[in-house]
Amino acid sequence: MAQGVRPRVKVPRKAEAGEIITIKTLISHKMESGQRKDSDGNVIPRSIIHRFTCDFNGQNVVDFKMEPAISTNPYFEFEATVPESGEFKFTWHDDDGSVYETAKKIEVA
Amino acid sequence: MKIRTLTAVAAMLIAPGFAMSDPDDDTLVVNGEIEMVTKTEAPDHMSDTYVDTIMSGWHFRSDETQSLQMDDFDNSGMVFVDIGRDQWNTAEGGEGKSCASCHGTPEESMEGVRATYPKWDAEAEEVQTLAMQVNDCRESRMEAEPYGYTSGEMANIEALIAVQSRGMPVNVAIDGPVSETWERGKELYYTRTGQLELSCANCHEDNYGNMIRADHLSQGQINGFPVYRLKNAKLNTVHARFKGCVRDTRAETYKPGSPEFVALELYVASRGNGLSVEGPSVRN
(Lines give C-alpha, C1' and ligand atoms only; values in the text may rest on other atoms or scores of the structure.)
Protein backbone atom coordinates (compact mmCIF):
# COMPACT_ATOMS: atom_id res chain seq x y z
CA MET A 1 0.00 0.00 0.00
CA ALA A 2 1.30 3.40 -0.92
CA GLN A 3 1.93 5.60 2.12
CA GLY A 4 -0.32 8.30 3.45
CA VAL A 5 -3.34 7.33 1.38
CA ARG A 6 -6.54 8.72 2.79
CA PRO A 7 -9.79 8.92 0.88
CA ARG A 8 -12.18 11.75 1.61
CA VAL A 9 -15.57 12.51 0.14
CA LYS A 10 -18.19 15.19 0.54
CA VAL A 11 -21.81 14.21 0.03
CA PRO A 12 -24.79 16.19 1.32
CA ARG A 13 -26.53 14.40 4.20
CA LYS A 14 -30.02 15.09 2.91
CA ALA A 15 -31.61 15.63 -0.48
CA GLU A 16 -34.99 15.84 -2.16
CA ALA A 17 -36.09 12.85 -4.25
CA GLY A 18 -34.74 13.22 -7.77
CA GLU A 19 -32.48 16.10 -6.78
CA ILE A 20 -29.16 16.52 -8.52
CA ILE A 21 -26.41 16.71 -5.92
CA THR A 22 -22.73 17.53 -6.23
CA ILE A 23 -20.23 15.01 -4.92
CA LYS A 24 -16.61 15.90 -4.26
CA THR A 25 -13.91 13.32 -3.73
CA LEU A 26 -10.21 13.57 -3.06
CA ILE A 27 -7.69 10.91 -2.21
CA SER A 28 -4.22 11.70 -0.99
CA HIS A 29 -1.85 9.71 -3.14
CA LYS A 30 1.54 10.47 -4.62
CA MET A 31 0.55 9.37 -8.17
CA GLU A 32 4.09 8.54 -9.23
CA SER A 33 4.00 8.62 -13.03
CA GLY A 34 6.80 6.16 -13.78
CA GLN A 35 8.47 8.81 -15.94
CA ARG A 36 10.73 10.28 -13.29
CA LYS A 37 14.21 9.27 -12.22
CA ASP A 38 15.78 9.43 -8.78
CA SER A 39 19.12 11.12 -8.06
CA ASP A 40 21.01 7.97 -9.14
CA GLY A 41 19.28 7.90 -12.51
CA ASN A 42 17.06 4.90 -11.79
CA VAL A 43 13.47 5.06 -12.95
CA ILE A 44 11.05 5.51 -10.06
CA PRO A 45 8.44 2.81 -10.68
CA ARG A 46 4.93 3.87 -11.58
CA SER A 47 2.51 3.89 -8.69
CA ILE A 48 -0.84 5.47 -9.37
CA ILE A 49 -4.49 4.94 -8.71
CA HIS A 50 -5.74 3.68 -12.06
CA ARG A 51 -9.46 3.42 -11.46
CA PHE A 52 -12.07 5.19 -9.40
CA THR A 53 -15.71 4.20 -9.15
CA CYS A 54 -18.78 5.43 -7.35
CA ASP A 55 -21.89 3.31 -6.83
CA PHE A 56 -25.25 4.17 -5.37
CA ASN A 57 -27.22 1.27 -3.87
CA GLY A 58 -25.39 -1.14 -6.16
CA GLN A 59 -25.91 0.97 -9.28
CA ASN A 60 -22.86 2.46 -10.92
CA VAL A 61 -22.70 6.28 -10.99
CA VAL A 62 -19.25 6.94 -12.44
CA ASP A 63 -16.32 4.79 -13.42
CA PHE A 64 -13.08 6.62 -14.16
CA LYS A 65 -10.05 5.12 -15.81
CA MET A 66 -7.04 7.09 -14.66
CA GLU A 67 -3.70 7.59 -16.41
CA PRO A 68 -0.21 8.58 -15.20
CA ALA A 69 -0.54 12.23 -16.24
CA ILE A 70 -2.99 12.87 -13.41
CA SER A 71 -1.28 14.81 -10.67
CA THR A 72 -0.88 14.05 -7.00
CA ASN A 73 -3.93 13.85 -4.70
CA PRO A 74 -6.52 13.29 -7.46
CA TYR A 75 -9.74 15.24 -7.01
CA PHE A 76 -13.03 14.43 -8.70
CA GLU A 77 -16.22 16.40 -8.60
CA PHE A 78 -19.36 15.10 -10.28
CA GLU A 79 -23.14 15.20 -10.05
CA ALA A 80 -25.62 12.47 -9.31
CA THR A 81 -29.39 12.19 -9.17
CA VAL A 82 -30.69 10.71 -5.94
CA PRO A 83 -33.99 8.81 -6.35
CA GLU A 84 -34.14 7.38 -2.83
CA SER A 85 -32.30 7.11 0.48
CA GLY A 86 -29.22 5.00 0.31
CA GLU A 87 -25.49 4.81 0.34
CA PHE A 88 -22.81 6.07 -2.02
CA LYS A 89 -19.88 3.71 -2.16
CA PHE A 90 -16.54 5.00 -3.40
CA THR A 91 -13.71 2.74 -4.51
CA TRP A 92 -10.17 3.58 -5.59
CA HIS A 93 -7.95 0.93 -7.18
CA ASP A 94 -4.19 1.26 -6.67
CA ASP A 95 -1.53 -0.10 -9.05
CA ASP A 96 -0.19 -2.28 -6.25
CA GLY A 97 -3.51 -4.07 -5.91
CA SER A 98 -4.72 -2.13 -2.87
CA VAL A 99 -8.32 -1.05 -2.88
CA TYR A 100 -9.38 1.96 -0.84
CA GLU A 101 -13.03 2.22 0.04
CA THR A 102 -15.31 4.62 1.79
CA ALA A 103 -19.07 5.13 1.88
CA LYS A 104 -21.49 7.95 2.68
CA LYS A 105 -25.18 7.69 3.48
CA ILE A 106 -27.75 10.08 2.12
CA GLU A 107 -31.29 10.54 3.30
CA VAL A 108 -34.07 11.48 0.91
CA ALA A 109 -36.83 13.39 2.57
CA MET B 1 -27.84 52.44 -26.93
CA LYS B 2 -26.83 49.41 -28.87
CA ILE B 3 -23.66 50.98 -30.06
CA ARG B 4 -22.87 51.95 -26.52
CA THR B 5 -23.29 48.36 -25.36
CA LEU B 6 -21.02 47.22 -28.11
CA THR B 7 -18.40 49.73 -27.14
CA ALA B 8 -18.65 48.58 -23.55
CA VAL B 9 -18.17 44.98 -24.63
CA ALA B 10 -15.20 45.95 -26.74
CA ALA B 11 -13.71 47.86 -23.83
CA MET B 12 -14.12 44.81 -21.64
CA LEU B 13 -12.38 42.65 -24.20
CA ILE B 14 -9.39 44.94 -24.29
CA ALA B 15 -9.31 45.74 -20.61
CA PRO B 16 -8.41 42.37 -19.01
CA GLY B 17 -4.69 42.83 -19.72
CA PHE B 18 -4.71 45.74 -17.31
CA ALA B 19 -7.65 44.95 -15.10
CA MET B 20 -6.28 41.53 -14.20
CA SER B 21 -3.20 43.04 -12.65
CA ASP B 22 -5.08 44.92 -9.98
CA PRO B 23 -6.04 43.20 -6.76
CA ASP B 24 -9.79 42.51 -6.67
CA ASP B 25 -12.40 43.33 -4.06
CA ASP B 26 -13.72 39.85 -3.38
CA THR B 27 -14.47 38.67 0.14
CA LEU B 28 -12.88 35.57 1.58
CA VAL B 29 -15.18 33.41 3.70
CA VAL B 30 -13.96 29.90 4.44
CA ASN B 31 -16.51 27.07 4.68
CA GLY B 32 -19.22 29.72 4.70
CA GLU B 33 -18.38 30.60 8.30
CA ILE B 34 -14.86 31.94 8.91
CA GLU B 35 -14.76 35.53 7.70
CA MET B 36 -11.27 36.62 6.82
CA VAL B 37 -9.82 40.10 6.94
CA THR B 38 -7.91 40.21 3.67
CA LYS B 39 -7.69 43.98 3.32
CA THR B 40 -7.14 46.43 6.09
CA GLU B 41 -5.35 49.56 7.13
CA ALA B 42 -1.57 49.30 7.21
CA PRO B 43 -0.06 49.07 10.70
CA ASP B 44 1.41 52.26 12.19
CA HIS B 45 5.01 51.29 11.65
CA MET B 46 4.42 51.41 7.89
CA SER B 47 3.54 55.11 7.98
CA ASP B 48 6.90 55.94 6.37
CA THR B 49 5.86 53.96 3.29
CA TYR B 50 3.10 54.96 0.91
CA VAL B 51 1.27 51.68 1.45
CA ASP B 52 -1.92 52.57 3.27
CA THR B 53 -3.85 49.33 2.72
CA ILE B 54 -2.36 45.93 3.35
CA MET B 55 -3.75 43.08 1.30
CA SER B 56 -3.56 39.33 1.45
CA GLY B 57 -2.01 37.62 -1.57
CA TRP B 58 -5.41 36.01 -2.02
CA HIS B 59 -6.65 39.18 -3.77
CA PHE B 60 -4.03 38.86 -6.46
CA ARG B 61 -5.06 35.41 -7.61
CA SER B 62 -7.66 34.36 -10.17
CA ASP B 63 -11.23 33.55 -9.12
CA GLU B 64 -10.58 29.85 -9.70
CA THR B 65 -7.58 29.81 -7.38
CA GLN B 66 -9.39 31.98 -4.84
CA SER B 67 -12.32 29.60 -4.67
CA LEU B 68 -10.03 26.72 -3.75
CA GLN B 69 -9.40 28.42 -0.45
CA MET B 70 -13.06 29.03 0.33
CA ASP B 71 -13.87 25.43 1.12
CA ASP B 72 -11.67 23.12 3.15
CA PHE B 73 -12.57 20.23 0.92
CA ASP B 74 -11.20 22.03 -2.12
CA ASN B 75 -8.16 23.31 -0.24
CA SER B 76 -5.42 20.79 -0.91
CA GLY B 77 -3.45 22.27 1.97
CA MET B 78 -5.89 20.55 4.31
CA VAL B 79 -4.56 17.17 3.14
CA PHE B 80 -1.29 18.14 4.78
CA VAL B 81 -3.03 19.32 7.91
CA ASP B 82 -4.31 15.76 8.28
CA ILE B 83 -0.82 14.36 7.80
CA GLY B 84 0.40 16.91 10.34
CA ARG B 85 -2.17 15.62 12.80
CA ASP B 86 -0.78 12.10 12.43
CA GLN B 87 2.71 13.48 13.12
CA TRP B 88 1.35 15.37 16.14
CA ASN B 89 0.08 12.13 17.65
CA THR B 90 3.15 10.02 16.83
CA ALA B 91 5.59 9.42 19.69
CA GLU B 92 9.20 9.83 18.64
CA GLY B 93 12.66 10.15 20.16
CA GLY B 94 14.33 9.08 23.41
CA GLU B 95 11.56 10.35 25.67
CA GLY B 96 8.89 8.40 23.84
CA LYS B 97 6.71 11.49 23.64
CA SER B 98 4.59 13.02 20.92
CA CYS B 99 3.39 16.60 20.60
CA ALA B 100 0.12 15.38 22.06
CA SER B 101 1.83 14.13 25.26
CA CYS B 102 2.35 17.71 26.45
CA HIS B 103 0.03 19.79 24.30
CA GLY B 104 -3.09 17.62 24.08
CA THR B 105 -5.04 18.32 20.93
CA PRO B 106 -3.95 21.18 18.70
CA GLU B 107 -7.47 22.62 19.02
CA GLU B 108 -6.95 23.00 22.78
CA SER B 109 -3.41 24.25 22.88
CA MET B 110 -2.56 25.94 19.59
CA GLU B 111 -5.38 28.45 19.15
CA GLY B 112 -3.93 31.86 18.44
CA VAL B 113 -0.33 30.63 18.42
CA ARG B 114 0.37 31.23 14.75
CA ALA B 115 -0.82 34.84 14.98
CA THR B 116 1.95 35.97 17.35
CA TYR B 117 5.01 34.26 15.86
CA PRO B 118 7.87 35.02 15.40
CA LYS B 119 8.27 36.25 18.96
CA TRP B 120 10.78 36.76 21.72
CA ASP B 121 11.82 33.69 23.67
CA ALA B 122 13.00 34.88 27.08
CA GLU B 123 14.83 31.65 27.88
CA ALA B 124 16.78 31.47 24.66
CA GLU B 125 17.10 35.27 24.57
CA GLU B 126 16.36 35.42 20.87
CA VAL B 127 13.50 35.82 18.44
CA GLN B 128 12.04 32.44 17.63
CA THR B 129 9.94 31.40 14.70
CA LEU B 130 7.28 28.76 14.93
CA ALA B 131 9.57 26.30 13.16
CA MET B 132 12.38 26.96 15.65
CA GLN B 133 9.95 26.41 18.51
CA VAL B 134 8.79 23.10 17.03
CA ASN B 135 12.35 21.90 16.62
CA ASP B 136 13.28 23.12 20.09
CA CYS B 137 10.46 20.97 21.47
CA ARG B 138 11.55 18.01 19.40
CA GLU B 139 15.16 18.22 20.54
CA SER B 140 14.87 19.16 24.18
CA ARG B 141 11.56 17.59 25.20
CA MET B 142 11.19 14.63 22.86
CA GLU B 143 14.90 13.99 22.23
CA ALA B 144 13.98 13.45 18.61
CA GLU B 145 15.74 14.52 15.43
CA PRO B 146 14.73 18.05 14.44
CA TYR B 147 12.72 18.45 11.25
CA GLY B 148 14.45 20.04 8.29
CA TYR B 149 13.62 23.74 8.52
CA THR B 150 11.65 23.85 5.27
CA SER B 151 10.86 20.13 5.06
CA GLY B 152 7.47 18.68 4.31
CA GLU B 153 7.12 17.45 7.88
CA MET B 154 7.76 20.91 9.25
CA ALA B 155 5.27 22.41 6.80
CA ASN B 156 2.64 19.87 7.85
CA ILE B 157 3.02 20.70 11.53
CA GLU B 158 3.04 24.42 10.79
CA ALA B 159 -0.15 24.00 8.80
CA LEU B 160 -1.79 22.08 11.62
CA ILE B 161 -0.86 24.84 14.06
CA ALA B 162 -1.79 27.68 11.68
CA VAL B 163 -5.25 26.30 11.00
CA GLN B 164 -6.13 26.63 14.70
CA SER B 165 -5.73 30.42 14.35
CA ARG B 166 -7.55 30.87 11.06
CA GLY B 167 -9.47 34.10 10.96
CA MET B 168 -7.60 35.60 13.91
CA PRO B 169 -5.63 38.78 13.20
CA VAL B 170 -1.86 38.57 12.85
CA ASN B 171 -0.47 40.34 15.87
CA VAL B 172 3.32 40.23 15.96
CA ALA B 173 5.07 42.37 18.58
CA ILE B 174 7.71 44.69 17.18
CA ASP B 175 8.81 46.58 20.28
CA GLY B 176 10.63 45.61 23.46
CA PRO B 177 13.29 42.92 23.17
CA VAL B 178 12.51 42.11 19.53
CA SER B 179 13.04 45.66 18.27
CA GLU B 180 16.67 45.08 17.36
CA THR B 181 15.84 42.00 15.28
CA TRP B 182 12.88 43.81 13.76
CA GLU B 183 15.10 46.73 12.66
CA ARG B 184 17.49 44.26 11.10
CA GLY B 185 14.63 42.62 9.25
CA LYS B 186 13.48 45.99 8.00
CA GLU B 187 16.96 46.78 6.75
CA LEU B 188 17.07 43.48 4.90
CA TYR B 189 13.67 44.19 3.37
CA TYR B 190 14.98 47.39 1.79
CA THR B 191 18.43 46.08 0.85
CA ARG B 192 18.95 45.33 -2.82
CA THR B 193 20.50 41.95 -3.52
CA GLY B 194 21.79 39.97 -6.47
CA GLN B 195 22.75 40.77 -10.01
CA LEU B 196 19.30 42.21 -10.58
CA GLU B 197 19.76 44.49 -7.57
CA LEU B 198 16.26 44.06 -6.27
CA SER B 199 15.08 44.43 -2.71
CA CYS B 200 11.88 42.93 -1.34
CA ALA B 201 10.39 46.43 -1.45
CA ASN B 202 11.12 46.95 -5.15
CA CYS B 203 8.61 44.28 -6.07
CA HIS B 204 6.28 43.96 -3.11
CA GLU B 205 5.98 47.58 -2.07
CA ASP B 206 6.68 49.59 -5.23
CA ASN B 207 5.09 47.24 -7.76
CA TYR B 208 2.44 45.09 -6.18
CA GLY B 209 -0.47 44.66 -8.57
CA ASN B 210 1.86 44.81 -11.56
CA MET B 211 3.11 41.87 -13.53
CA ILE B 212 6.70 40.70 -13.34
CA ARG B 213 6.83 38.87 -16.65
CA ALA B 214 4.10 36.24 -16.23
CA ASP B 215 3.81 36.56 -12.45
CA HIS B 216 1.41 38.76 -10.61
CA LEU B 217 3.18 40.63 -7.81
CA SER B 218 1.42 40.64 -4.47
CA GLN B 219 2.39 42.55 -1.38
CA GLY B 220 4.38 39.56 -0.25
CA GLN B 221 2.29 39.06 2.87
CA ILE B 222 2.98 35.88 4.83
CA ASN B 223 -0.30 35.60 6.74
CA GLY B 224 -1.30 32.66 4.53
CA PHE B 225 1.72 30.47 5.20
CA PRO B 226 2.31 27.62 4.90
CA VAL B 227 1.02 27.93 1.36
CA TYR B 228 -0.20 25.18 -0.91
CA ARG B 229 1.15 26.12 -4.32
CA LEU B 230 -0.45 24.72 -7.43
CA LYS B 231 2.90 24.85 -9.19
CA ASN B 232 4.53 22.28 -6.94
CA ALA B 233 1.49 20.61 -5.35
CA LYS B 234 2.87 20.85 -1.84
CA LEU B 235 3.00 23.09 1.17
CA ASN B 236 5.66 25.80 1.05
CA THR B 237 7.18 27.43 4.11
CA VAL B 238 8.02 31.09 4.57
CA HIS B 239 11.77 30.63 4.47
CA ALA B 240 11.62 28.46 1.37
CA ARG B 241 9.66 31.29 -0.26
CA PHE B 242 12.18 33.90 0.91
CA LYS B 243 14.95 31.76 -0.50
CA GLY B 244 13.14 31.49 -3.82
CA CYS B 245 12.63 35.24 -3.97
CA VAL B 246 16.22 36.09 -3.13
CA ARG B 247 17.45 33.50 -5.62
CA ASP B 248 15.30 35.17 -8.27
CA THR B 249 17.24 38.38 -7.73
CA ARG B 250 20.25 36.23 -8.74
CA ALA B 251 21.86 36.44 -5.34
CA GLU B 252 23.43 33.86 -3.07
CA THR B 253 20.61 33.35 -0.62
CA TYR B 254 20.62 33.22 3.14
CA LYS B 255 19.88 29.82 4.57
CA PRO B 256 16.40 28.92 5.77
CA GLY B 257 16.45 29.27 9.54
CA SER B 258 19.38 31.72 9.45
CA PRO B 259 19.27 34.81 11.72
CA GLU B 260 18.80 36.95 8.61
CA PHE B 261 15.67 35.13 7.48
CA VAL B 262 14.31 35.00 11.04
CA ALA B 263 14.67 38.78 11.24
CA LEU B 264 13.10 39.18 7.81
CA GLU B 265 10.22 36.89 8.79
CA LEU B 266 9.55 39.00 11.86
CA TYR B 267 9.53 42.19 9.82
CA VAL B 268 7.41 40.82 6.97
CA ALA B 269 4.97 39.26 9.45
CA SER B 270 4.61 42.64 11.17
CA ARG B 271 3.69 44.23 7.83
CA GLY B 272 0.66 41.94 7.92
CA ASN B 273 -0.46 42.90 11.43
CA GLY B 274 -4.24 43.08 11.22
CA LEU B 275 -4.76 40.60 8.38
CA SER B 276 -6.30 37.25 9.24
CA VAL B 277 -4.19 34.14 9.60
CA GLU B 278 -5.07 32.17 6.46
CA GLY B 279 -2.75 29.18 6.59
CA PRO B 280 -2.83 26.89 4.80
CA SER B 281 -3.75 29.12 1.89
CA VAL B 282 -3.81 28.27 -1.81
CA ARG B 283 -1.79 30.20 -4.37
CA ASN B 284 -0.45 29.42 -7.81
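Order of the sequence lines fixes the chain letters, A, B, ..., with proteins taken first and strands second; residue numbering starts at 1 for each chain. Please read all numbers here as calculations on a predicted model, not as lab measurements.
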Side-chain polar contacts of residues 9-23 of chain A - donor-acceptor pairs under 3.5 angstrom, sequence neighbours left out - could you list them?
from: Lys10(A); atom 1: NZ; to: Asp71(B); atom 2: OD1; distance (Å): 3.3
from: Lys10(A); atom 1: NZ; to: Asp71(B); atom 2: OD2; distance (Å): 2.7
from: Glu19(A); atom 1: OE1; to: Glu16(A); atom 2: N; distance (Å): 2.7

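Residues Asp86(B) and Arg6(A) approach most closely at OD2-NH2, 2.6 Å, considering heavy atoms. Pairing each heavy atom of Arg8(A) with each of Met78(B), the nearest pair is NH1-O, 4.1 Å.
Within a 6.0 Å sphere centred on CD of Glu35(B), other residues, nucleotides and ligands contribute 12 heavy atoms or fewer. Remark: Arg46(A) CZ is packed, more than 12 non-hydrogen atoms of other residues, nucleotides or ligands lying under 6.0 Å away. Under a cut-off of 6.0 angstrom, the local environment of NZ in Lys39(B) is crowded, with over 12 non-hydrogen atoms contributed by other residues, nucleotides or ligands. Under a cut-off of 6.0 angstrom, the local environment of NZ in Lys24(A) is crowded, with over 12 non-hydrogen atoms contributed by other residues, nucleotides or ligands. Annotation: Glu145(B), atom CD; neighbour count of heavy atoms from other residues, nucleotides and ligands within 6.0 Å does not exceed 12. Counting heavy-atom neighbours within 6.0 Å of Glu95(B) CD, excluding the residue itself, gives a total above 12.
Contacts with chain B (heavy atom to heavy atom, under 4.5 Å) involve these residues of residues 69-87 of chain A, listed by number: Thr72(A), Asn73(A), Tyr75(A).
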